[in-house]
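Let me give you the structure first, and then I'll get to my questions.
These values consider heavy atoms only, across backbone and side chains, with no hydrogens, waters or symmetry-generated copies. Treat the numbers as computed from the prediction; the structure is a model and nothing was measured. Start at 1 and go down the list; that is how both ligands and their atoms are numbered. By convention here, the first residue in the shown sequence is residue 1.
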Amino acid sequence: MTVAPAIVERLCAAAGPGGWTMDQHDIAPHLVEARGLFRGASPLLLKPPDTAAVATIMAICHETRTKVVPQGGNTGLVGGATPFDGGDEVLLSLARMNRVRAIDALDNTLTVEAGCTLAAVQQAAASADRLFPLRIASEGSCTIGGNLSTNAGGTQVIRYGNTRDLVLGIEAVLPDGRVWNGLRALRKDNTGYDLKQLFIGGEGTLGVITAAVLKLFPRPRDVQTAMVAVPSPAAGIELLSLGRGLTGDQLTAFELMARIGLDFVLRHVPATADPFRDRHDWYALIEVSGGDSPGALRPAMEALLETALERGLAVDAVLAESVAQAQALWRLREDLSDAQKPEGGSIKHDISVPVSRMADFIARADVAVRALVPNCRPVAFGHVGDGNVHFNVSQPVGADRAVFLARWGEVNKVVHDIAAGLDGSISAEHGIGRLKRDELVHYKGAVELDLMRAVKAALDPRGIMNPGKMV
Ligand code: ZN
């Protein structure tokens with residue numbers, strides 16, 4: 001099955017000159033998920049220039065029951081933006097819609113189109129002496145539309161929340177081609193269902209987000225960054241609590257990383273160095289930011305590190321003396337995902353549990369996966385300040401990659417069961433997409449699934465929006 005030529009012709013006309021391609025060489029990068037876990041097929045990539053064109057495209061797709069896969073920067077990790085291999089879905093890229101529509105320093109809002117890269121959004125905010133706090137490793141290539149559709153998390157969630165907490169309004173094109181202009185810049189709007197939140201984190205299954213009004217924050221005048229060697233994840237969690245108290249809750253990042261993760265980075269990423277003389281089992285990367293002048297938060301950070309050392313919550317600590325040093329510390333954390341690749345196959349998890357149960361989760365999952373796959377190498381790291389850990393499991397040294405990866409579902413089941421038993425989630429920030437669709441059915445309650453399916457059926461009765469994803 002594919003898309004009929006007459007439909008393709010109408011869709012191309014709607015996208016306008018330069019707004020489409022059928023060249024498989026150009027389409028190829030859009031057909032594969034970032035980690036190579038999923039591949040698909042599509043005869044047509046549409047790149048409309050504006051909301052009106054998206055609306056026309058969706059109206060045609062609705063009328064002809066043509067399936068649509070919306071796509072931002074294609075950096076997602078669950079196959080949510082990858083078509084299936086039937087060749088009967090058209091790709092809808094928002095890349096050309098990358099204008100900053102408005103910026104208002106008094107309202108503290110920024111109105112942008114879906115195709116703006118996250119880095120461009122951050123820069124636009126900075127140009128008005130404001131902060132847009134969403135920060136993720138792919139910020140140079142991911143787009144704000146994708147961030148919204150997947151409710152991206154990242155490293156600043158502890159202070160500013162997930163993407164859904166950073167949005168005041170959206171504009172979306174519905175599956176039938178109608179445009180919902182919900183671009184309100186209101187901090188308070190108590191007029192019924194908060195419809196924008198259906199589309200945020202909706203993974204493109206309910207419509208296409210074309211623009212958004214984002215919240216801006218004061219730009220921090222000071223940032224202090226430290227790497228702390230901690231004796232255990234439990235000590236790390238205590239350090240987190242201490243940090244919040246001693247810094248007046250100005251903690252903007254709190255990342256935990258096992259030693260093996262640092263080993264991988266030092267081995268595979270050029271120009272990295274261990275900030276400590278001795279080896280330690282666990283590390284916390286702590287960032288405190290805010291204040292009214294450079295250096296304002298240094299005394300608070302120093303007090304935190306001293307107290308942590310006194311109380312045995314820290315074994316050693318390094319406080320960055322410059323922006324360059326802070327960046328070097330962040331690289332040790334942010335390059336970890338890439339540094340896992342040369343170590344062979346890695347079975348991924350994106351778990352969240354209540355912060356108080358994080359240490360328990362890591363301990364139990366560690367024992368369970370080692371029992372299941374002898375000599376496998378758990379690489380726990382992540383945003384433990386939010387109760388979120390990427391509990392990835394690297395293959396045993398010298399093992400066959402394919403044989404190890406064939407146990408993906410089995411390992412997932414064990415880890416996800418432990419998370420569920422601790423009142424956690426199987427997807428903290430990466431979403432469901434194709435990767436966890438079947439598992440969602442297993443872990444969500446019947447009532448919750450009914451509600452999700454009812455929403456999907458109400459907004460997309462013909463099932464053309466990113467079918468086969470999430471619900
Ligand atoms: Zn993450």
Residue Asp350, metal the Zn ion (ligand 1), N/O/S under 2.8 Å: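 It does not; every qualifying atom lies at 2.8 Å or beyond.
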Axial cation check for Phe84 ring with Arg434, 6.0 Å and 45° limits: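 Here Arg434 passes the 6.0 Å and 45° test against Phe84.
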Side chain to side chain contact (heavy atoms under 4.5 Å, CB included) partners for Glu448, two or more places apart: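 Listed in chain order: Lys444.
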Residue His430, metal the Zn ion (ligand 1), N/O/S under 2.8 Å: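 No, since none of the N, O or S atoms of His430 sits under 2.8 Å from the Zn ion (ligand 1).
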Angle subtended at the Zn ion (ligand 1) by NE2 of His383 and NE2 of His390, nearest 10°: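 About 100°, to the nearest ten degrees.
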Check: Phe391 ring centroid to Phe361 ring centroid under 6.0 Å: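 That pair passes the under 6.0 Å test.
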Proximal heteroatom of Glu429 relative to the Zn ion (ligand 1) (N/O/S):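 The nearest such atom is OE2.
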Give the table of side-chain donor-acceptor pairs shorter than 3.5 Å for residues 210-217, with sequence neighbours excluded, one pair per line with atom names and distance.
from	atom 1	to	atom 2	distance (Å)
Thr210	OG1	Glu171	O	3.1
Thr210	OG1	Glu171	OE1	2.6
Lys215	NZ	Asp165	O	2.9

